[in-house]
Visitor: 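My questions will all concern the structure given below.
A, B, ... follow the sequence lines: proteins, then strands. Residue 1 opens every chain.
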Amino acid sequence: MRRTRIAEIIAAESIGARCTVMGWVRTRRDSKGGFSFIEINDGSSLAGLQIIADQELANYKSEILKLQTGCSIKAAGTLAESPGKGQKVELKAEEIEVLGWADPDIYPLQKKRHSFEFLRSIAHLRPRTNTFGAVARVRNAMAHAIHTFFQERGFIYLHSPIITGSDCEGAGEMFKVTTFDLNRAPEKEGDIDFTKDFFGGPANLTVSGQLEAEIYALAMGDVYTFGPTFRAENSNTSRHLAEFWMVEPEMAFCDLEENAALAIEFLKQIFASVLANCKEDMEFFNRFIDSTLIKTLEALISHDFEILTYTEGIEILKKAGQKFEFPVEWGVDLQSEHERYLCEKVFKGPVVLIDYPKEIKAFYMKMNQNEKTVRAMDVLVPKIGEIIGGSQREDDHDALYERIKEAGLNTDDYWWYLELRKFGSVPHSGFGLGFERLIQFVTGLSNIRDVIPFPRTPGNLSF
RNA sequence: UCCUCGGUAGCUCAGUCGGUAGAGCGGGUGGCUGUUAACCACCUUGUCGGCGGUUCGAGUCCGUCCCGGGGAGCCA
């Protein structure tokens, strides 16, 4: 008999139906009435299924009474209305087969809460816990919602390369990719001779698919990337990973205002989708992680996002009469305390800041007529601060050329990026969003290492 | 990378003034119950992160290294 997922059983409530379930035992409670309650979970939902194992079962004494947390079983029987509280249906087992034992003396998961730090050290078992099962389901639902959002709007999903030849943004340490034996790399005039390496030149793991997305936007119109990116920064925080997933839409014939409008629409749709499709998991996070979670997301969905310029934002902060650790002056990059003040105290909601000083933003952002600010935008949300960063791109060849030089970068390295502005250049815009940070915001989990299955951070490459 | 707080039983933690360790949970046994992280009784568990130093004596004080949490910077 084919197995039925517990999520389907709970949804259908088809009393009297015969079915087979398979999963991992969470807990067993024995009744002297001559039967046992076995709660199993198969990952399809937060809720498990209660199985009634009667002493008449052939292996009741030899096996059922020895089942412990972590064992895997197959149970066949009939669905019945549950007389107990806490569940509507339960499975009256006619046959239970133990698929795999889990020695309780050494199985690390218990029927209680563990610290996230401990669970990180057992990343091979942590998806069997309520929290990490819920994270995995929510992460999946969000990935699906992201694709749905763009596909519904006719965007082309672009597979940007993982290995790249150039330092894309001139920002962020990159991981080198080589086939050299590092102890015997060929040298030329004291330096490693990468012309003899696999690609005939230095190669890195990508830090962003944006420049490649621009290429395709200037042919296909609207594209998006959604894949892993890498930063070799030695930053050990609850918001940074060496390997993380990024979403980067890029739109031709699109200015900054339309870009911001899409970003806002994007966030609202993703949040609405998760609340609708992961109700049970979101209620779990709301109960155990952050009790304001659902309220916050619902508010974001229904409220307008405030849009104001960097200059206006600075003025508000200066007039606020609030002591900041970092003083506010036009030209400084906003600290998270400033971003949070704007969101949480001034506007009590999300804020989109646009038109930043060119000195604090990347070279590819389009210069405004005042020659002081560029068409950049940051979407700021309460608690987290910046969640999306984007811009209208510089589409004027000569202006871009100058900006690359100003940034101290080699214009030759960007020959193809410059040529896009030479042949049929059009206004275009895009934004980038760290997938894990979005999951953090949605789930309320405070450490980014807990929203990705296998976190890569400095000094840590287990699993 | 910097600041800061930590590392003690399988897990979560306590350990006062320096005198070689405790609780809860888990696990085991028994009892009880259509039970719900069940409950009750008894039993069980230690390289006190590593190395070095001070001391008659170090979980405790000092040095150093490793690992983790929180914050900062940078960013996504």
Visitor: Nearest-Å distance, NZ (A/Lys88) to C1' (B/U35)?
Guide: 20 Å

Visitor: With A/Phe226, which of A/Phe244, A/Phe435, A/Tyr157 fulfils ring pair (Phe, Tyr, Trp, His ring centres under 6.0 Å)?
Guide: A/Phe435

Visitor: Establish, with yes or no, whether the OP1 or OP2 oxygen of B/G70 is under 4.0 angstrom from a side-chain nitrogen or oxygen of A/Asn447.
Guide: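 So the side chain of A/Asn447 is within the cut-off, an N or O lying under 4.0 Å from OP1 or OP2 of B/G70.
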
Visitor: Has the side chain of A/Gln110 got a donor or acceptor atom sitting under 3.5 Å from an opposite partner on the base of B/G27?
Guide: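 Between B/G27 and A/Gln110, which were checked side chain against base, a qualifying N/O pair under 3.5 Å is absent.
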
Visitor: Could you tell me whether A/Asp105 contacts a base, only the sugar-phosphate backbone, or nothing, with contacts defined as non-hydrogen atoms closer than 4.0 Å?
Guide: sugar-phosphate

Visitor: Whole Å only: how far is the CG atom of A/Asn236 from the P atom of B/G71?
Guide: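 One finds 12 Å between P of B/G71 and CG of A/Asn236, rounded.
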
Visitor: Tell me whether the side-chain N/O atoms of A/Ser238 come closer than 4.0 Å to OP1 or OP2 in B/G71.
Guide: yes

Visitor: For A/Ser235, report the nucleic acid contact type (base, sugar-phosphate, nothing); a contact means any heavy atom under 4.0 Å.
Guide: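 Contact class for A/Ser235: base.
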
Visitor: Just checking A/Glu243: base, sugar-phosphate only, or nothing, at a heavy-atom cut-off of under 4.0 Å?
Guide: nothing

Visitor: Using a cut-off of 4.0 Å on non-hydrogen atoms, how would the nucleic acid contact of A/Thr229 be classed: base, sugar-phosphate, or nothing?
Guide: nothing

Visitor: Determine whether A/Thr131 and A/Asp450 make a side-chain contact, defined as any pair of heavy atoms from C-beta on separated by less than 4.5 Å.
Guide: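 The answer is no; the side chains never approach within 4.5 Å.
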
Visitor: Looking at A/Phe441, does the NZ or CZ of A/Arg437 lie under 6.0 angstrom from its six-membered ring centre and within 45 degrees of the ring axis?
Guide: no

Visitor: Between A/Phe244 and B/A76, do the rings stack, that is, sit under 5.5 Å apart with planes less than 30° off each other?
Guide: yes

Visitor: Does a side-chain N or O from A/Arg437 land closer than 4.0 Å to OP1 or OP2 of B/A76, or not?
Guide: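 No, A/Arg437 has no side-chain N/O under 4.0 Å of OP1/OP2 on B/A76.
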
Visitor: How long is the line joining CZ of A/Arg287 and P of B/A37, in whole Å?
Guide: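 Checked: the CZ to P distance equals 9 Å.
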
Visitor: Report the residue (A/Gly432 or A/Lys92) whose heavy-atom-nearest nucleotide on RNA chain B is the more 5′ of the two.
Guide: A/Lys92

Visitor: Looking at A/Arg287, I want to see if its CZ is surrounded by more than 12 non-hydrogen atoms of other residues, nucleotides or ligands under 6.0 Å.
Guide: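 It does not: A/Arg287 CZ has 12 such atoms or fewer within range.
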
Visitor: Round to the nearest Å and state the distance from A/Glu339 atom CD to B/A76 atom C1'.
Guide: 12 Å

Visitor: B/G28, OP1 or OP2 - any side-chain N/O from A/Gln68 closer than 4.0 Å?
Guide: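 For A/Gln68, the contact criterion (side-chain N or O under 4.0 Å from OP1 or OP2 of B/G28) is met.
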
Visitor: Taking the minimum atom-to-atom distance to the side chain of A/Arg239, which one of B/U12, B/A37, B/A72 wins?
Guide: B/A72

Visitor: Whole-Å distance between B/G69 C1' and A/Leu445 CG?
Guide: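 After rounding, the reported distance stands at 15 Å.
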
Visitor: If you measure from the Lys or Arg side-chain nitrogens to the Asp or Glu carboxylate oxygens, is any gap between A/Arg153 and A/Glu265 under 4.0 Å?
Guide: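 Result for this pair is yes, salt bridge flagged.
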
Visitor: Do any N or O atoms from the side chain of A/Thr373 and from the backbone of A/Asp355 form a donor-acceptor pair under 3.5 angstrom?
Guide: no

Visitor: Determine: side-chain N/O of A/Arg120 to OP1/OP2 of B/G69, distance under 4.0 Å, yes or no.
Guide: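 Checking B/G69 against A/Arg120, a side-chain N or O does come within under 4.0 Å of OP1 or OP2.
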
Visitor: Taking the side chain of A/Thr237 as its heavy atoms from C-beta onward, which of B/U36, B/A72, B/G34 lies nearest to it?
Guide: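 Taking heavy atoms from C-beta onward, the closest nucleotide is B/A72.
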
Visitor: For A/Ser31 and A/Thr69, take the nucleotide of RNA chain B holding the closest heavy atom to each; which residue's nucleotide lies nearer the 5' end?
Guide: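 The residue whose closest nucleotide sits nearer the 5' end is A/Thr69.
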
Visitor: Which part of the nucleic acid, if any, lies within reach of A/Arg449 when heavy atoms closer than 4.0 Å are counted: base, sugar-phosphate only, or nothing?
Guide: sugar-phosphate

Visitor: Quick one: does A/Glu117 reach the base of B/U12 with a side-chain donor-acceptor pair under 3.5 Å?
Guide: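 Counting by modelled atom types and ignoring angles, no donor-acceptor contact under 3.5 Å is found here.
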
Visitor: Which whole-number value in Å describes the distance from A/Asp30 CG to B/U36 P?
Guide: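 Answer to the nearest Å: 13 Å.
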
Visitor: Distance criterion of 3.5 Å, no angle test: do you see the side chain of A/Glu233 paired donor-to-acceptor with the base of B/U1?
Guide: no

Visitor: Rounding to the closest angstrom, what is the interatomic distance between B/U16 and B/A21 at atom C1'?
Guide: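 About 14 Å, rounded to a whole number of Å.
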
Visitor: Which part of the nucleic acid, if any, lies within contact of A/Ile387, taking any heavy atom under 4.0 Å across all strands shown: a base, the sugar-phosphate backbone alone, or nothing?
Guide: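 Sugar-phosphate, no base atom in range.
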
Visitor: Considering only B/C74, B/G34, B/C11, which nucleotide approaches the side chain of A/His114 most closely?
Guide: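 Among the listed nucleotides, the one closest to the side chain of A/His114 is B/C11.
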
Visitor: Does the structure show a Watson-Crick or G-U wobble partner for B/G24, both distances under 3.5 Å? Name it, or say none.
Guide: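 Partner of B/G24: B/C11.
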
Visitor: For atom C1', what is the distance between B/G15 and B/A72, given to the nearest Å?
Guide: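 Straight-line distance between the two C1' atoms is 33 Å.
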
Visitor: Taking the side chain from A/Asp378 and the backbone from A/Glu386, do they hold a donor-acceptor pair closer than 3.5 Å?
Guide: no

Visitor: So A/Lys361, base contact, sugar-phosphate only, or nothing? Heavy-atom distance under 4.0 Å.
Guide: nothing

Visitor: For the pair made of CD1 in A/Ile122 and P in B/C67, what is the distance, rounded to whole Å?
Guide: 20 Å

Visitor: Would one find a side-chain N or O of A/Thr27 under 4.0 angstrom from OP1 or OP2 of B/A37?
Guide: no

Visitor: Under 4.0 Å between any heavy atoms, over every strand shown, what does A/Phe35 touch: base, sugar-phosphate, or nothing? Just pick one.
Guide: base

Visitor: For the pair made of NZ in A/Lys85 and P in B/U36, what is the distance, rounded to whole Å?
Guide: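 Those two atoms, NZ and P, are 10 Å apart.
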
